Each structure stands twice: as C-alpha cells, then as structure tokens.
Amino acid sequence: MLSIYICDDELTMRATLSKEIKRQILIGEYDMNIALTCGTPEALLDAIRPDPKRAIYFLDVDLKQNDTEKNGFWLGKEIRKLDPTGFLIYVTSFEDLAFQTFRYHLEALDYIVKGDMLTMIPAIRTCLSTIAERLSKEHSDSSDAYFTVKLADSMRHIPLSDIVCLETSGRTHRILLYTEQERLDFIGRLSELSEKLGNKFLRCHRSFLVNTEKIASVDFKNNELTMTTGQVCLISRAAKAELKKRF
Amino acid sequence: MSKTSIFFYLYLAMDSLISHIILYLYAFAVIDEKIQWKKIWKILSIVILPATMFYTLVFIIVDLPAALAYSLNSLMVLSVNVIVAKWMFKWDIWKCISILSMSAVLQVASAVFVSAPAYFLNATTFFSMMFLIYPLEALIISSLMKKFHFGRYIRPLLEDKKHLRTTALLAFLLECSVEIFALSTPYLSEDSLITFNAALVLLVLFIFCLLIYLSYIRESRRKLKLQETLLLQQQMYVENLEEIQKEMRAFRHDYKNMLSSIYLCAEEGEVEAMKTYLKNMELDFDEKIGENIRKTTQLGNIHIIEVKGLLLAKLAEMNKKQITCNLEILYPITKLGIDTLDFNRCLGILLDNAIEAVEHTEHPVIDLILSNQENCITIVVKNPWYGKLALHSIWKEGYSTKGSNRGLGLTNYQNILAKYPNASPATQLKNNEFVQELKIIYGR
C-alpha cells in the first residue's frame, strides 16, 4: 500500500485534488490511499518523519509561507532526505513552473498545472498510472549491481551492465565513463576502479578498462578492441593473452 | 679574473642562481601573488644548469664577442624560463613572456645598478657587492612592491587576453632597452658612474609609468565596454517589459469581450459554455503573458552581468531563429566557481551547439537550466536529437555533424575545463534527447 500526501495552502485546491485522486484510485484499482492532506510543509514533514516510507506526494510550488525559503522546492528537498525513492508531483500555476529544475534536482515525476478540471483530471490520471507502471516494472527487474559515481554535488548510480568502458582523460586524475547513452567525467583512478568493478571488466590497456560483455570485435593485429558502440580501445601486450583466452 | 679558473665558473653559477631567484621574486611582485617557493626551486633545478652551461659555451668555448655572447645568453635564458614557467605555473605563453620580461627589467636594472660601481673596486668588495648588496637590494624593492600591491596597477594589462601579445612584445622591447645598460657597463669611466645609474633608475621608472598608464587605459576601456553591455541589457529588459505591457493591453481588450460573453451565458444559465470561455481565457493568458513574465523573472536571477549579457544575446538569437527556449533559473546565481569569461565561453559553446542542432527542424526547442544548489552551479542544455550519434566521437577535434571544417566547439570546451578540477561535465543521449550537463563546485 502506497501512501499519498497532499500539501497545498489553498483549501479548495486540496479538496479538489483529494477528491479526484480518490476517484482515480477507485477507477484504476491502485494499491494506494490518501494518508494526509495539509496546508503547511511542516505538517507534512511531521507526518512522515516518524516512519519514512516510499510514498507519493502532490505538492504546491508556491506555499505562501511567511518564510519564503520554505516553498515547494525546499519541501521536496526535505522529503528527499527522508524518502529518496518516493514520487514527487508538483501542482503549480503556470508562472511558477520550473519543472526541468525540479526534475533535475528532486527527480520530480511530473507536474500538474492548476487550472480547470478538464486538464487537471487527465494529468492526475497519467501521474498515478505512470507510478503504478513503474512499480510493477521495478518488481520484475531483479536487483542489478550498481556502480556509484560522485559527480560534483550529486551521486549517480549506474547499472554495471550499462557501462561500456572507462578511459583516462587528458585531465589529470579524471576518468571518462561511457555507457551506451552517456558520457561522464569524474575523479578517480583506473586501477582502483578495476578492482571495484569486478572481473566482468578487463584492464585491456594502461588507459582503458572495458566491459567484456560489450566488446564487439577484437583486432589482435592492430592491438585494438571495438566496443558495441563503435568506440575503439587499445590493447596492451599483457592483456592480449588474457583476451585470447576469452575469445 | 682568468677565464679558465675554477672560481670563474663558480662565480658564474652563483651569479646565475642568485639572478634567477631575484627574477622570480620580482615576477611574483609584478603579479602581486604569494611567492610559490616550491615551484621556484623546481624551476631553478631545471633551468640553472643549462643556463650556466650555455653562458660558458658562448663566452669561453666559442669565444664570441662579449656583447653578442651576452645578448645570446640573455635571450636563451629568457626563453628557457618562459617555457619552464609556462609549464610550471600554467600561465598563458604570452602572459609568461610579459611577466618575465617585466621582472627581468627590474632584475637586470638591480644587477647593473650594483655591479656598475662594483667594477671599480677590488675583487673581494666586488663579490660582496654582488652576493650581498644585490640580493638585499632586490629583496627590499620586491617587498616594497608587494607591500604597496604594485601588481594591482598593471594587472589589467596582464588580464586583457585580447592584447596580451602586444603587451608581451612591448615588455620584451622594454627589457631589451635595459639590457643595453648592462651591455655598456664595461665601457664606463668612474666619472660617468652617477649619471649612468641615474639614467638607469629613470629608465626603469619610465618603463613602469608607461606600463601603469597602458594598464589604466585598458581598464577604463574594459569598464566602458561593460557599461555598454549593461546599457544594452537594460534596453532589452525595457523592451521586454514593453512587450508584456502591449500584450497586457491586447489581453485586456479580449478579456472584456470574454467577460461580457460569460456574463451573457450566465444570464442564460449556460454553464457548459461558461466553462469553455473561462478555459480559453486562462489558456490565452498563459500563452500570451505568462510565458513572458516567467522568462523575465528567471533572467532576473542571474546576478553576474556578463552571463546575463550572453544569455540575452543567445535568447535574442533563438527568438530570431524561431527556436523556443525554456529557460529555468530558479534561484539567484551570484558565484560561478570558474573564471567568468571561461564560464561564458562554455555556456556559449553548449548553446551554439544546441541552436545548430535544432534550427531548421520542425519543432525547435531548447531547454536551458541554470541552477545554484549547495555550493554547486549546474548548467543543463537539452535539445531533441533524432539522428544517431556516437558519444565518444563528438569530442574529437574536427568532428561535426555538419560537414568539414567545423566541430571545434567541444574540443575548446574540453580544453577550457581542463584547467578546472572543480568542473564535472557529463553528456547524455537518451530518448531522442541530447543533454549536456556541467557541474561546477565553488568554495564553501
């Protein structure tokens, strides 16, 4: 059972949201219930603090607090400290919308623009169905091993099976990590990473560490590896023997 | 002193060592920074031996005329120092030449000032003058320069990257003029000594007055330019507000019409029609005015004028190319963590790439997030991209999706960031969205 929390300083908006969410839960037969509707961020935080669990939050962006710091963004950050995997949905007027920033920093799921019910109802429906879909998908995904990277102020968790290769960068102590969809630049050392990532990864050269499952072809003549993404990595003499054994 | 005596070599090595230390002492006085002794020792250990060897070579082994040998040697010492210092302090090569030429002016002048009278004295006094008075003199002058933050007055000259080459050339020529004094010391008579030293001091004073004056001109020019951008920005801001006002007026007109329609509906009791009218009104407002108000508020959050200037220019460019830009700057940005110019160059490259990628497409949209959270500035530039793209190849020099002779942007971007260990770039291509992200941590 997933709890739903609603925080909005306008009473009518709270009532409308809660009514509509209840209706959608009934229609979709979701395993969710509304745990609390409140008008201040403190009330919400007090409610979840004793026993933080993964939940759904519908939050107003502009909470009209005396303390202007304590807006929806701040509330989102506080919630994230207690519930890092919960679902945040922002309910906002058009001018306050900075959803990309919210998604970027808070991993907010979606937003609903305050306005007439004709647009709000489908938005609420989509949010809840997305959550339900995600939950069932997460259930089927077996827990994969992750590699955690610190990127400036944030941590990124990358499934090991997604990593194509790691390469030393031109910048000192910098490593470039390639997945099929991403390239990240972080501080580290290949020798340490090689130990951390396990034997699926091969240190094929002084400046390359490759995922052996992502190798497309090996060219022993030119001492080169081609990855599934088309990226070419070098092979050292020492790694040649190891590769010949594997391929 | 015989040219073959071991003491002569010892003297040469000692003189070279002391002069080098003094050169870097002055160099740090010129840029008004804390002296990095560790690095100076490292430089000395690299430079001293070849410098002394070369001197021995041109002077004794090849036996060139004294003036030519001296000039050759000075030139070679200067170039070796420039290269090593560039590598050690990571200065720009032209900045290196400027700084070292300026400090060489002071170093050579100090040396000549002491050695000219010392020529007329006996050997022991000569050595004590060269190894005691000369370093002492340099120490006093350099600490006085540091005390009064002399470096501040010529800093604009060294920071003006556009004219750094001219500055380097000028500084080098001025250094040469002081070297002429060094060359003429052997031909001095005792009577002309005072005139000689006075002329030397005046020349050095003149050189630095000239440098300070030039630096002052550069600084005022820079300020003027900054004010111009500020003015331009305000102008654009006012235009923006006028636009909002114009739309507001148009909206008010529609709004009155709509209200009267709603009024009519209410009288007739047609609730559904009323709802439709209200919805239209709201959409209208969001579309016409809400968007503009939003953008203006977001831009107001950038407190660094240069960055705001760049963004305004880029927004205007996008507007002209009919690209929709979703700009989000939720919290004020007051610090950047890296040099403002470098920040602007990075942001400019990312935006130019995004603009190039989406212009001439069906729905050109760019998302730009600038965010300031817990001592970290984040730039995110997003644009739709439906083609294929290998993430590892876009960074190669000359790579471009738009034909040859382009594709320097990302290479430059990487080179700029190479200087900053506190900057972390990341790139993503997911769900037909190309995302460039740059995180910069600034001091706590």
Side-chain angles (χ1 to χ4, degrees), chain A residues 61 69 71-74 76-77 92-106 113-120 149-154 156 158 162 164-165 167 169-187 226-233, chain B residues 275-276 278-280 282-283 285-287 289-294 297-298 326-331 337 367-371 373-378 380 382 388 390-395 414-415 417-431 433 435-441:
Chain A
V61 175
E69 275 276 288
N71 56 16
F73 190 71
W74 174 85
K77 278 206 285 187
T92 167
S93 63
F94 188 78
E95 289 87 14
D96 296 329
L97 190 63
F99 181 66
Q100 298 287 356
T101 315
F102 279 65
R103 190 160 74 178
Y104 187 81
H105 283 293
L106 305 170
V113 176
K114 279 183 190 174
D116 69 306
M117 287 316 284
L118 281 175
T119 51
M120 277 181 76
V149 177
K150 189 168 189 289
L151 275 182
D153 64 335
S154 61
R156 285 284 274 279
I158 300 157
D162 278 4
V164 174
C165 73
E167 182 191 351
S169 115
R171 302 163 71 190
T172 36
H173 310 304
R174 285 275 174 174
I175 303 287
L176 297 172
L177 184 151
Y178 289 94
T179 71
E180 268 162 26
Q181 298 175 319
E182 261 185 301
R183 179 182 120 132
L184 303 172
D185 183 323
F186 63 97
I187 296 172
T226 310
M227 309 307 292
T228 47
T229 51
Q231 190 173 359
V232 175
C233 304
Chain B
K275 273 188 185 166
T276 329
L278 279 171
K279 189 185 164 194
N280 283 343
E282 198 179 344
L283 278 180
F285 183 82
D286 279 353
E287 205 176 279
I289 300 153
E291 183 60 33
N292 251 325
I293 291 179
R294 208 170 65 87
T297 338
Q298 309 272 338
N326 295 321
L327 175 68
E328 287 184 12
I329 306 160
L330 195 59
Y331 285 105
D367 289 329
L368 170 62
I369 307 174
L370 286 176
S371 143
Q373 286 291 307
E374 276 137 41
N375 295 313
C376 182
I377 297 283
T378 310
V380 181
K382 242 186 241 180
K388 278 202 166 175
L391 284 181
H392 56 269
S393 49
I394 52 172
W395 303 90
Q414 281 196 117
N415 290 344
L417 292 180
K419 275 192 282 185
Y420 299 104
N422 56 339
S424 302
T427 312
Q428 208 181 54
L429 179 64
K430 218 177 197 171
N431 308 330
E433 236 181 10
V435 187
Q436 284 280 24
E437 175 190 307
L438 177 62
K439 280 173 174 288
I440 306 162
I441 293 189

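All values below come from the heavy atoms of this structure, side chains included, with hydrogens, waters and symmetry mates left out. From a predicted model like this one, the values you see are computed outputs, not experimental measurements.
- Closest non-hydrogen pair, Glu437(B) versus Leu151(A), comes out as OE2-CD1, 4.4 Å.
- Interface remark: Leu429(B) contributes backbone and side-chain atoms alike to the contact with chain A (heavy atom separation under 4.5 Å).
- Side-chain atoms of Arg183(A) do not come within 3.5 Å of backbone N or O of Pro425(B) as any donor-acceptor pair.
- Glu182(A) is linked by a side-chain hydrogen bond (donor to acceptor under 3.5 Å, both in side chains) to Arg156(A), Gln428(B), counting only residues two or more places apart in sequence or in another chain.
- Considering Leu370(B), Leu330(B), Ile329(B) in turn, Leu330(B) is the only one that fulfils the side-chain contact (heavy atoms from CB on, under 4.5 Å) rule with Thr101(A).
- Once rounded to the nearest 0.5 Å, the distance linking NZ of Lys150(A) with NZ of Lys439(B) reads 9.5 Å.
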Would Ser424(B) and Asp185(A) satisfy side chain to side chain contact (heavy atoms under 4.5 Å, CB included), going step by step from the backbone distance to the final call? CA-CA 6 Å; Ser424(B) 302; Asp185(A) 183 323; 5.5 Å; no

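- Your options are Ile440(B), Leu368(B), Asn326(B), Ile369(B), and the one with the most heavy-atom pairs under 4.5 Å with chain A is Ile369(B).
- Using the six-membered ring where Trp is involved, Phe73(A) and Tyr331(B) have ring planes that are tilted, between 30° and 60° apart.
- For Ile187(A), the part lying under 4.5 angstrom from a heavy atom of chain B is the side chain only.
- With a 4.5 angstrom heavy-atom cutoff, Ser169(A) does not touch chain B via any of its atoms.
- For the 3.5 Å distance criterion, the side chains of Tyr104(A) and Glu328(B) fail to qualify, holding no donor opposite an acceptor.
- Among the candidates Val232(A), Thr229(A), Thr179(A), Val164(A), the residue making the largest number of heavy-atom pairs closer than 4.5 Å to chain B is Thr229(A).
- Residues forming a salt bridge (charged side-chain N to carboxylate O under 4.0 Å, His left out) with Lys77(A) (at least two apart in sequence, or on another chain): Glu374(B).
- Residue contact with chain B, scored on non-hydrogen atoms closer than 4.5 Å, is absent for Phe186(A).
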Between Gln100(A) and Lys382(B), is the side chain to side chain contact (heavy atoms under 4.5 Å, CB included) condition met? List the steps. CA-CA 10 Å; Gln100(A) 298 287 356; Lys382(B) 242 186 241 180; 2.7 Å; yes

